[in-house]
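Numbering starts at 1 and runs along the sequence shown. All ligand and atom numbering here is 1-based and tracks the order in the structure.
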Amino acid sequence: MSKRYLTDQQKTRIAKQQSKHSDIDEQTKTGLVVARYGKHIDIEDIEQKLHRCYLRQNLGQVAVGDNVLWKPAENNASVVVAIEPRRTSLVRYNKFEGDKLIAANVDQLIIVVAPEPIRSINILDRYLMLAELQHITPIIIFNKIDLLDEATQPVFQNILNYYKTLNYLIINSSTTTHEGLNFLADRLIGKNSIVVGLSGVGKSALVKYFLPEHNIQVGDLSEKSGEGSHTTTRANLYHLPMGGNIIDCPGIRELSFGDLTPQQVVQGFKELRKFAADCQFRDCSHTHEPGCAVLKAIEAGSIDPNRLASFRSIIEQKD
Ligand code: GDP
Ligand code: ZN
């Protein structure tokens, strides 16, 4: 993305923010973090050349998608000296150690669900909540539509239609028939997207379709080399041929929201949060309280009860 080419003015601003005694000089270059390992990162420079870099201790968290300033050095000793302010930060919540940055500057959360495994649809609300709380635009991909027949098609459409009423974009797709994939490709142009969803929904098949040269393995999780040979990589950013980037990040696959309060969780549910503003108690958990506007809305049929069930399962930390 053109965003990674900083102007001199931007460099100066970042330098002022992050470095009291100037680390920034004419040696300093701009770069984009494209891979994150334990102790080092890979940075791509303006010519798309890769450089292994170490991180200064005082930098704070650095993730794939970050635009950085770095200083080249021999023998893989290049070092990152500053991080450009982020548009968005995708984090995993952790009350004790602090939130963990998974990826930076993510524009779109591509949430993949499928008729098989069906549990993927049960956890859709969790990913939507993550997108809402972190101000990242979600796109719902209903994949494997080639598996639907006359009996099952209306059942799934009925479930997903509710999400359309919430103004979420839903794309029906199949990596087998390629239906919907051109439409999705258009939405990926010029954006940083991250593909999430339960194992087996077809994430790797989708990414492989858009990045055929990247040798991405499709199939049973236990058989995937991704779980074995790449375990040292925390995340990667790949350029799409049509412009835009896909971030692949195993860390986002385990989601835990146990550390969030009900008041935070409710902000991740578009229609619940609208009604929650009118609850009698400010710390209403929307489970039993008198004067609960959410429960009233459920009774009136304005909210899908499944959404309240999802909300409750998150605050009760059930699966
Ligand atoms: P991931 O775990 O989410 O990355 O899922 P994979 O991409 O590995 O796909 C899991 C299984 O579903 C594989 O056997 C794929 O061949 C299959 N699959 C993926 N997309 C589709 C699809 O659109 N239709 C059908 N019928 N199978 C698919
Ligand atoms: Zn309430």
Walk me through whether D25 and K71 qualify under salt bridge (charged side-chain N to carboxylate O under 4.0 Å, His left out).
CA-CA 9 Å; D25 52 32; K71 274 189 187 173; 3.3 Å; yes
Any atoms of ligand 1 less than 4.0 Å from a non-hydrogen atom of S174? List them with their elements.
23 (O)
Could you name the option among K144, E116, K208 that has the heavy atom nearest to atom 28 (C) of ligand 1?
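The option holding the nearest heavy atom is K144.
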Here's one to test your reading of the geometry: is the NZ or CZ of R307 within 45 degrees of the ring axis of F311 and under 6.0 Å from its centre?
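Output no; distance or angle outside limits.
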Between S193 and R187, do the side chains contain an N or O donor and an N or O acceptor separated by less than 3.5 Å?
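Result is no, nothing qualifies.
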Identity of the N, O or S atom of H286 lying closest to the Zn ion (ligand 2):
ND1
Any side-chain to backbone donor/acceptor pair from S78 onto A73? Under 3.5 Å, distance only.
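Present.
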Only heavy atoms of S199, strictly under 4.0 Å: list the atoms of ligand 1 that pass.
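In order of numbering, the contacting atoms are 2 (O).
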Give the cluster check for I83 versus Y54: same hydrophobic cluster or not, with ILVMFWY residues linked at side-chain heavy-atom distances below 4.5 Å.
no
Give the atom numbers and elements of ligand 1 that come within less than 4.0 Å of a heavy atom of N143.
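Every atom of ligand 1 under 4.0 Å from some heavy atom of N143: 20 (N), 21 (C), 23 (O).
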Give the numbers and elements of all ligand 1 atoms closer than 4.0 Å to a heavy atom of L147.
26 (N)
Classify the side-chain pair D248/N236 by whether it contains a donor and acceptor separated by less than 3.5 Å.
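No, N236 and D248 have no side-chain donor paired with an acceptor closer than 3.5 Å.
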Could you tell me whether T175 approaches ligand 1 through its side chain, its backbone, both or neither, with non-hydrogen atoms closer than 4.0 Å?
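Both backbone and side chain.
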Need the ligand 1 atom indices (1-based, order shown) with element for anything under 4.0 Å from a heavy-atom of L198.
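With L198 as reference, the close atoms of ligand 1 come out as 3 (O).
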Under 4.0 Å from a heavy atom of A205: give me the atoms of ligand 1 that qualify, with their elements.
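Here the atoms of ligand 1 in question are 7 (O), 19 (C).
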Contacts of type side-chain contact (heavy atoms from CB on, under 4.5 Å), residue F281, not counting sequence neighbours:
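With neighbours one apart ignored, the set is D283, C284, E289, P290.
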